[in-house]
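Comments concern the structure below.
Because the structure is predicted, anything quoted here is derived from the model rather than measured. Chain letters run A, B, ... following the sequence lines, proteins first and then strands; every chain starts at 1.
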There are 2 protein chains.
Amino acid sequence: MSKEDFTADVCSINEIDPEAVAFVQERVMPARTIERLSRLFSAFADPTRLRILHALNVIDELCVCDLAALSDLSVSAVSHQLRLLRDRELVHARRDGRMVYYSLADEHVSQLMAIGAEHANER
Amino acid sequence: MSKEDFTADVCSINEIDPEAVAFVQERVMPARTIERLSRLFSAFADPTRLRILHALNVIDELCVCDLAALSDLSVSAVSHQLRLLRDRELVHARRDGRMVYYSLADEHVSQLMAIGAEHANER
DNA sequence: ATCTTCTTTGCTCATATGTACATTCTCCCA
DNA sequence: TGGGAGAATGTACATATGAGCAAAGAAGAT
């Protein structure tokens, strides 16, 4: 949908055809969705967490200390980030004795990383 | 690929089969890619920028003040964020006289938002 | 040339974020 | 019941980030 369908070639939102305003308003994302989206993406917005997520993408399930070793991070740092990833429901934790095994929560996680990598590699 | 293919049921990366280490190392993302990815995702990690990107997803091309009005933001705030989005090559700017029209840089942007929204709406 | 409109850019401050260190918790085993 | 390994949490601190305000650029209009 292009702007010219609605407006003369002037700025100021006040001059936009009411139809256009309605068109946009109908499609505006609810504030709640925007919030959720930004929280989702902010989970991906850190190198540490990306390393963790990528490791879990390569090997389905890993414990905290494996993640720490593979990502070259302290156990503490990994654990803190895992909590955040858990809260945002990007990873799933499974306890087995003393060990806690983590895995990606759903396929959206790998999809987002794949598309992101595609974009990043193009530039 | 599951961890059991490589390791006994013990922690400590040192006990992982050398084959597994090699397997992971081969697939490790270069630090450069990780950095680029986190920069990419951090661009999506803010409500203001998401509103801007979503508006551009609904209407192909918009000027700064339309974006400000539609997203209910100050022109200054929008402009600051547009600079960031430009730097990260997520939007494209076209000047026409006094006006500068912005549009999404490529289809990855809408793809990422679509998948993100899918994920966000499931929870 | 000057004014006006649209946009961009410094600068600053309050808030958010990531990590380290120390502590606590959970569970297995002796 | 202790002891020890793996994991989670609290706190503190340095850095990063977002928004507002004021000023400066760019380009059409008078």
Side-chain angles (χ1 to χ4, degrees), chain A residues 3 7-16 34-35 38-53 61-88 91-103, chain B residues 3 7-16 34-35 38-53 61-88 91-103:
Chain A
K3 189 186 175 188
T7 96
D9 212 46
V10 290
C11 187
S12 170
I13 193 65
N14 300 317
E15 318 228 8
I16 285 189
I34 293 278
E35 277 308 322
S38 80
R39 277 176 62 81
L40 171 66
F41 284 119
S42 68
F44 288 89
D46 174 76
T48 298
R49 290 191 292 271
L50 284 176
R51 275 194 283 270
I52 293 173
L53 293 172
E61 201 177 43
L62 289 166
C63 63
V64 177
C65 73
D66 281 350
L67 281 170
L70 286 173
S71 315
D72 194 34
L73 298 161
S74 74
V75 169
S76 170
V78 169
S79 189
H80 274 288
Q81 301 298 6
L82 283 172
R83 167 159 64 166
L84 186 149
L85 293 172
R86 251 186 289 127
D87 290 349
R88 284 170 169 65
V91 300
H92 171 252
R94 174 178 71 82
R95 171 150 234 143
D96 180 13
R98 289 178 271 195
M99 317 289 285
V100 178
Y101 292 100
Y102 281 88
S103 51
Chain B
K3 190 188 172 187
T7 97
D9 211 46
V10 291
C11 188
S12 171
I13 193 66
N14 301 317
E15 318 229 8
I16 285 189
I34 293 278
E35 277 308 323
S38 80
R39 278 176 63 81
L40 170 66
F41 284 120
S42 69
F44 288 89
D46 175 75
T48 298
R49 290 192 292 270
L50 284 176
R51 276 194 281 272
I52 293 173
L53 293 172
E61 201 178 43
L62 288 166
C63 64
V64 176
C65 74
D66 280 351
L67 280 170
L70 286 173
S71 315
D72 194 34
L73 297 161
S74 75
V75 168
S76 171
V78 170
S79 189
H80 274 289
Q81 302 298 7
L82 283 172
R83 166 159 62 165
L84 186 149
L85 293 172
R86 250 187 289 126
D87 290 348
R88 284 173 170 62
V91 300
H92 172 249
R94 174 178 71 82
R95 170 149 235 144
D96 179 14
R98 291 180 269 196
M99 317 289 286
V100 177
Y101 292 99
Y102 282 88
S103 52

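Of the possible donor and acceptor atoms, one in the side chain of Ser38(A) sits under 3.5 Å from a partner among the backbone N and O of Glu35(A). Remark: side-chain polar atoms of Arg83(B) are not paired, donor with acceptor, to backbone N or O of Leu85(B) under 3.5 angstrom. For Arg51(B) (side chain) and Leu70(B) (main-chain N/O), no donor-acceptor pair under 3.5 Å exists by modelled atom type. Side chain of Ser79(A) to backbone of Ser76(A): no donor-acceptor contact under 3.5 angstrom is found. At distances below 3.5 Å, at least one donor-acceptor pair connects side-chain atoms of Arg88(A) with backbone N or O atoms of Arg39(A).
Taking side-chain N and O atoms only, Tyr102(A) has a distance below 4.0 Å to OP1 or OP2 of dA8(D).
Atom CZ in Phe44(A) sits about 14 Å away from atom P in dG18(C), given to the nearest Å. Taking atom CG of residue Leu85(A) and atom C1' of nucleotide dA7(D), one finds them 15 Å apart after rounding to whole Å. Following rounding to the nearest Å, Asp66(B) (CG) and dC6(C) (P) show an atom-to-atom distance of 10 Å. Rounded to whole Å, atom P of dA7(D) lies 8 Å from atom OH of Tyr101(A). When the P atom of dT17(C) is taken as reference, atom CZ of Arg39(A) falls 8 Å away, rounded to whole Å. Across the protein-nucleic acid pair, Met99(A) atom CE and dT26(C) atom C1' stand 13 Å apart, rounded to whole Å. Counting to the nearest Å, the C1' atom of dG18(C) and the CG atom of Asp72(A) are 16 Å from each other. Whole-Å rounding puts the Ile34(B) CD1 to dG18(C) P distance at 15 Å.
In this structure, of dT9(D), dG10(C), dT7(C), it is dT7(C) that holds the atom nearest to the side chain of Ser79(B).
Atom CG of residue Asp46(A) and atom CG of residue Leu84(A) lie 8.5 Å apart, to the nearest 0.5 angstrom.
The residue Val78(B) sits apart from the nucleic acid: no heavy atom pair falls under 4.0 Å.
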### Query
With the sugar-phosphate defined as primed atoms, P, OP1 and OP2, and the base as all remaining atoms, what B/S/- string results for nucleotides 15-30 of chain D, 5' to 3', for protein heavy atoms under 4.0 Å?
---SSBB-----BS--
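Partners of Arg86(B) under the side-chain hydrogen bond (donor to acceptor under 3.5 Å, both in side chains) rule, at least two apart in sequence or in another chain, are Tyr102(B).
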